[in-house]
Amino acid sequence: MDSDKQYKKRVVVKVGTNVMVNKDNRIVGPILKRLVDQIARLYEEDVITVLISSGSVIAGKEVLDTNNIEDDTVRRQVYSAVGQPRMMRHYYSMFHDYGMRCAQVLATKRDFDPGKHRENMINCYEGLMSQGIVPIANEDDAVSLSMSMFTDNDELASLVAELINADMLILLTDTDGLYDGHPDHDDSSLIAQVSTDQKVEQFVQSSNKKEGEGRGGMESKLNVAKKTAAKDITTFIANGKTPDIIMDIVHGKDVGTRIFQEDEE
């Protein structure tokens, strides 16, 4: 089944937990709505999006804030198992408002192993996209063994982008992209373009994240972006809270940080 002809572009968008929550770590519905709105508008332009969505742990924590689970791993599994259907309920309802359908694709690292697992995953994505259904992917935290977990959802997004031969990968975070200093400092500037062999790692700030806030920081994003760009999939790091950010990137506007393979230029 070849659905390549159906779409002008295939885009993978990863939205991190830090994009979708407020300062009290509560999920903000209007932010999700703006993401869905952009994906729906792109679909009208024959651009299909695969959404890699974090948020299940936070969504579970919202309803299980008081619990007596002492083991960190088990607590995360429970938060995720409770939160994942809550996230999908949000997305299902929002896509339905646009006359669109979405589907949940939960993955473990094993699903990307060469052979039957990988073929099965490709068939799943191709089947969904051929029917105009937006796949929404997340790590299957409830059953993933810690030794075989993805580093974070940035890594999952990169693997999915490669799996479906995406035209671009967009990693949405809560800063405008990669800066040459701390993003909050006045003398720091946004780095608009980074080639895969350009050394910019020294600019990455470490982040201290609390439970449920996601595992990936800017270091992870830059690392994943370079690896993905090296596979001829141009990757962007951008601010998911900026209105129309996905539309602007797909339409070629100069926003965020673009990571590319040197011979693209």
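Worth saying up front: this structure is predicted, and the values here are computed from it rather than measured.
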Polar contact flag, side-chain donor to acceptor under 3.5 angstrom, [X]-[Y]:
{"X": "Asn153", "Y": "Asn138", "result": "yes"}
{"X": "Thr173", "Y": "Asn18", "result": "yes"}
{"X": "Gln198", "Y": "Gln193", "result": "no"}
{"X": "Tyr91", "Y": "Ser53", "result": "yes"}
{"X": "Gln84", "Y": "Ser80", "result": "no"}

- Message: For the backbone of Ala230 and the side chain of Gln261, can you confirm whether one donor and one acceptor N or O come within less than 3.5 Å of each other?
- Response: yes
- Message: Using a 3.5 Å distance criterion without hydrogens, assess whether the side chain of Gln104 forms a donor-acceptor pair with backbone atoms of Met88.
- Response: no
Grab the two heavy atoms, one from [X] and one from [Y], that are nearest each other, plus how far apart they are.
{"X": "Ile233", "Y": "Thr235", "value": "O-OG1, 3.1 Å"}
{"X": "Leu128", "Y": "Ala103", "value": "CD2-CB, 3.6 Å"}
{"X": "Ser189", "Y": "Asp180", "value": "N-OD1, 2.7 Å"}

- Above 12 or not: heavy atoms from other molecules or residues under 6.0 Å from CZ of Phe112? yes
- Item | Over 12 non-hydrogen atoms of neighbours within 6.0 angstrom of CG in Asp24 | yes
Report the distance from atom [atom1] of [X] to atom [atom2] of [Y], rounding to the nearest 0.5 Å.
{"X": "Thr49", "Y": "Met129", "atom1": "OG1", "atom2": "CE", "value": "10.5 Å"}
{"X": "Arg258", "Y": "Met168", "atom1": "CZ", "atom2": "CE", "value": "9.0 Å"}
{"X": "Asn223", "Y": "Glu155", "atom1": "CG", "atom2": "CD", "value": "9.0 Å"}
{"X": "Tyr98", "Y": "Tyr43", "atom1": "OH", "atom2": "OH", "value": "15.5 Å"}

Check [Y] with [X], please: is the shortest side-chain N to carboxylate O separation under 4.0 Å?
{"X": "Asp72", "Y": "Arg75", "result": "yes"}
{"X": "Lys221", "Y": "Glu201", "result": "no"}
{"X": "Lys14", "Y": "Asp154", "result": "yes"}

- Do Tyr92 and Val63 belong together in a cluster built from hydrophobic side chains that touch within less than 4.5 Å? no
- Message: Are Ile259 and Phe203 connected into the same hydrophobic cluster when the rule is that any two of I, L, V, M, F, W, Y join if their side-chain heavy atoms are below 4.5 Å apart?
- Response: yes
- Under 4.5 Å side-chain linkage, directly or through intermediates, the cluster mates of Leu106: none
- Query: Got a sec, which hydrophobics cluster with Tyr179, joining ILVMFWY side chains under 4.5 Å apart, including via others?
  - Reply: Leu190
- Message: Consider side-chain hydrogen bond (donor to acceptor under 3.5 Å, both in side chains). Of His251, Arg34, Arg41, Lys253, which one does Asp244 pass it with?
- Response: Arg41
- Task: Determine which pairs satisfy salt bridge (Lys or Arg N to Asp or Glu O under 4.0 Å) with at least one residue from residues 83-103, sequence neighbours left out, and list them in order.
- Result: Glu62-Arg86
